There are 2 protein chains.
Amino acid sequence: MLGDRWSLLIIRDLMLRGFRTYKEFLGCYEGIATNILADRLQKLTAHGIIGAQPDPEDGRKWIYSLTAKGIDLAPVLTEMVLWAAAHEDTGNQALVQEMKKDKQKFLAAIRQRWAEGK
Amino acid sequence: MLGDRWSLLIIRDLMLRGFRTYKEFLGCYEGIATNILADRLQKLTAHGIIGAQPDPEDGRKWIYSLTAKGIDLAPVLTEMVLWAAAHEDTGNQALVQEMKKDKQKFLAAIRQRWAEGK
DNA sequence: TAGATCACTTGTAATCTGCAAGTGAAATGT
DNA sequence: ACATTTCACTTGCAGATTACAAGTGATCTA
């Protein structure tokens with residue numbers, strides 16, 4: 001269900017990088033094809049991990065967001081980021097430091113952010 | 001690097017189900033092809049996540065094991081199992097209960113088991 | 001109202017995967 | 001000693017999946 005090259009990246013960027021629209025995803029990943037992105041967004045939606053709403057300010061856009069099920073992946077993503085930081089070259093040292101310092105606080109902040117609807 | 005259908009399952013079963021040989025993996029997953037299994041074991045080895053040693057009791061067999069880098073995936077796998085248990089139908093309720101009850105203790109036990117060389 | 005932007009869809013070629021059948025080395029049975 | 005079986009793979013090939021380029025229609029902007 002998450003066992004493909006892009007799904008977890010999409011969730012990560014919704015959760016940690018504030019991505020919201022198709023264009024943001026498409027522009028960011030080197031190499032993701034338009035049809036594959038559309039397919040993954042659709043499958044994640046079908047699995048109830050993300051949701052989509054029309055943008056009230058621009059009728060062409062859709063705004064993607066995490067569902068409760070998607071937000072519950074925060075501990076998984078956090079551990080993955082920490083693992084990658086420990087064993088591979090990764091950027092984003094600030095984020096990693098914040099996670100390491102107080103994991104529970106970090107997770108609580110993510111949940112809080114989504115509870116507030118942003 | 002782990003973004004495919006089988007790699008994380010292989011790591012999970014090395015870590016939690018005590019799998020050690022090619023045959024165990026092959027017999028367990030419905031549908032994994034022999035060449036794909038060989039390929040994944042090789043790639044995981046190349047990435048330093050698993051290692052392989054010849055079986056001293058049977059010259060045909062290889063014994064696969066987790067490296068330190070692989071063992072460090074325990075928190076990721078644990079959170080994934082807990083997420084799946086909360087949101088999908090999964091078996092292995094005993095394992096899930098043990099993880100939930102004391103996550104740190106559970107992780108310490110995994111590390112201990114590997115430190116002892118089993 | 002012409003052109004740009006947006007989120008896709010479609011077509012096609014290349015790549016990857018799944019399955020069946022094989023291979024060689026090592027173990028087992030007689 | 002020799003045939004058979006087991007083991008961990010490899011090989012060949014058809015079918016599925018993916019990447020890339022080029023649209024498409026609805027919506028926004030100048």
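Hydrogens, waters and symmetry mates play no part in the numbers below; they use all other heavy atoms, side chains included. Keep in mind that what you see is a predicted model, and the values were worked out from it rather than measured.
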Q) Nearest-Å distance, OH (A:Tyr22) to P (D:dT27)? A) 18 Å
Q) What's the CG-P distance between A:Leu26 and D:dA22, to the nearest Å? A)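 Value for this atom pair: 16 Å.
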With a 3.5 Å distance limit and no angle check, can you tell me whether [X] reaches the backbone of [Y] through a side-chain donor-acceptor pair?
X        : Y       : value
A:Lys69  : A:His47 : yes
A:Arg113 : A:Met15 : yes
B:Trp83  : B:Thr78 : no
A:Arg40  : A:Ala38 : no
B:Glu24  : B:Thr21 : yes

(Q) Categorize B:Phe25 for me: base, sugar-phosphate, or nothing, with a 4.0 angstrom heavy-atom threshold over every strand shown. (A)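 No contact.
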Q.
Run the side-chain hydrogen bond (donor to acceptor under 3.5 Å, both in side chains) test against B:Asp72 and tell me which residues pass, sequence neighbours left out.
A.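 Partners of B:Asp72 under the side-chain hydrogen bond (donor to acceptor under 3.5 Å, both in side chains) test: A:His87.
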Q: Could you note down all residue pairs passing ring pair (Phe, Tyr, Trp, His ring centres under 6.0 Å) where residues 7-27 of chain B supplies at least one of them, sequence neighbours left out?
A: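 Of all non-adjacent pairs touching residues 7-27 of chain B, those that pass ring pair (Phe, Tyr, Trp, His ring centres under 6.0 Å) are B:Phe19-B:Phe25.
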Q | Whichever of A:Lys61 and A:Thr34 has its nearest DNA chain C nucleotide further upstream toward 5' | A |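 The answer here is A:Lys61.
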Q | Option among A:Leu41, A:Leu44, A:Ile49 that satisfies the side chain to side chain contact (heavy atoms under 4.5 Å, CB included) test with A:Ser7 | A | A:Leu44
Q: Check each residue of residues 35-43 of chain A for a non-hydrogen atom within less than 4.0 Å of any atom in DNA chain D, then write out the ones that pass by number, or none.
A: A:Asn35, A:Ile36, A:Arg40
(Q) Pick the closest DNA chain D nucleotide for B:Lys23 and for A:Ala33 by heavy atoms, then say which residue is nearer the 5' end. (A) B:Lys23
Donor-acceptor pairs are to be reported for all side-chain atoms of residues 50-64 of chain A against protein atoms at under 3.5 Å, with residues two or more places apart or in another chain.
| unit_1 | atom_1 | unit_2 | atom_2 | d |
| --- | --- | --- | --- | --- |
| A:Asp55 | OD1 | A:Glu57 | N | 2.8 |
| A:Asp58 | OD1 | A:Arg60 | N | 3.0 |
| A:Asp58 | OD1 | A:Arg60 | NE | 3.2 |
| A:Asp58 | OD2 | A:Arg60 | NH2 | 3.0 |

Protein-nucleotides 28-30 of chain D N/O pairs under 3.5 Å:
| unit_1 | atom_1 | unit_2 | atom_2 | d |
| --- | --- | --- | --- | --- |
| D:dC28 | OP1 | A:Gly59 | N | 2.5 |

(Q) Which heavy atom of B:Met80 sits nearest to which heavy atom of A:Leu8, and what is that distance? (A)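 Reported closest heavy-atom pair: CE-CD1, 4.4 Å.
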**Q.** Heavy-atom pair with the smallest gap, counting every atom of A:Leu82 and A:Lys100
**A.** CD2-CG, 3.8 Å
Q. So where does chain A start and stop touching DNA chain C, 5' to 3', when the test is distance under 4.0 Å to a non-hydrogen atom?
A.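 Counting from the 5' end, contacts occupy C:dT5 to C:dG11.
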